[in-house]
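Data block below; observations after.
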Amino acid sequence: MIVTIDGPAGAGKSSIARTASQRLGFEFLDTGALYRAMTLAAIRAQVDFQNQQEIIQFSKSVQIQWDGDRVLLDGEDVSEQIRTPPVTDAIRFLADLPEIRTRLSEIQRGTAIGRNMVTEGRDQGTEVFTNAECKIFLTASPEERAKRRHQQLSEMGRPLPLEEILKAQNQRDEEDRLRPMGALRPAEDATVIDSDGMTTEEVLEKILCVVRETQNSDSEN
Ligand code: C5P
């Protein structure tokens, strides 16, 4: 069974999807990590981000793998190195290209074959796993998401002004929504959860409830 969880940056998808997978006894796939790993590879190789053909050509020489909970770039575990601002800022140059999306979508489908999996990203329910049994779109207002990120960064000792976080987040939202392929949007058959005012535990319970309902109706049919 495949459970897709899509939604904008800062909606708490990653940690919630990971915990949901553990509670369900499913595996977890963080698809953003694959886009990040490909971007890290391009940065390391000093690819010219203005040159789409160069990016596409370069991407063919790179091996990306998802290994349980880690992302491997040509066999190297880069799960920590992909979480830096230069990577985040450059992702759009790759994520906007259909050739890159097709390649990474194939890796995602290949990883999920024959497995029970919770997959998390932007286009999971709409493009990659259109036949997924259970689709969730997890969102929250821009202000709420920025506030959560602000608190997270402060706890990590890297405080940033709230307005700055909101501005960067709005820009990322727009890039994610306007992408010609793989744009951020809920699938028609997704359950939309707006987590404003909800605790993490409440969101988790809601997701688990949706999954269990699907499992029960599947076993009745
Ligand atoms: O989920 P995360 O924030 O790590 O994703 C980083 C970026 O990768 C997103 O802002 C988006 O541009 C891109 N992405 C994507 N499709 C996915 C997952 C991530 O385009 N399925």
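These figures come from a predicted structure and were not determined experimentally. Order of listing sets the numbers, starting from 1, for every ligand and every atom in it. Heads up: numbering here begins at 1 and tracks the sequence.
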Partner of Y35 by side-chain contact (heavy atoms from CB on, under 4.5 Å), out of L40, V87, I91: I91
Which protein heavy atom lies closest to [atom], and at what distance to 0.1 Å?
{"atom": "atom 19 (C) of ligand 1", "result": "G32 CA, 3.6 Å"}
{"atom": "atom 1 (O) of ligand 1", "result": "R122 NH1, 3.2 Å"}
{"atom": "atom 7 (C) of ligand 1", "result": "I91 CD1, 3.6 Å"}
{"atom": "atom 4 (O) of ligand 1", "result": "R36 NE, 2.7 Å"}
{"atom": "atom 3 (O) of ligand 1", "result": "R172 NH2, 2.6 Å"}
{"atom": "atom 18 (C) of ligand 1", "result": "T31 OG1, 3.5 Å"}
{"atom": "atom 11 (C) of ligand 1", "result": "D176 OD1, 3.4 Å"}

With a 3.5 Å distance limit and no angle check, can you tell me whether K135 reaches the backbone of D189 through a side-chain donor-acceptor pair? no
Check each of R101, K13, R92 against atom 16 (N) of ligand 1 and report the one with the nearest heavy atom. R101
Taking 4.0 Å as the limit for heavy-atom contacts, which would you say applies to E175 with ligand 1: side chain only, backbone only, both, or neither? neither
Please list, chain by chain and in numerical order, all residues satisfying ring-ring contact (aromatic ring centres under 6.0 Å, His included) with F58, sequence neighbours excluded. none
Counting from 1, what ligand 1 atoms have a heavy atom of D123 closer than 4.0 Å? 17 (C), 21 (N)
Identify, by atom number and element, the atoms of ligand 1 in contact range of A95, meaning under 4.0 Å from any of its heavy atoms. 20 (O)
Side chain to side chain, E205 and E201, heavy atoms closer than 4.5 Å: yes
Heavy atoms of other groups near E202 CD, more than 12 under 6.0 Å: yes
If you count the non-hydrogen atoms of other residues, nucleotides and ligands that lie under 6.0 Å from CD in Q215, is the total more than 12? yes
Does D30 come within less than 4.0 Å of R122, counting only side-chain N to carboxylate O? no
Results of salt bridge (Lys or Arg N to Asp or Glu O under 4.0 Å) for R101 - residues two or more places apart only: D123
May I ask whether Q124 places a heavy atom under 4.0 Å from ligand 1? yes
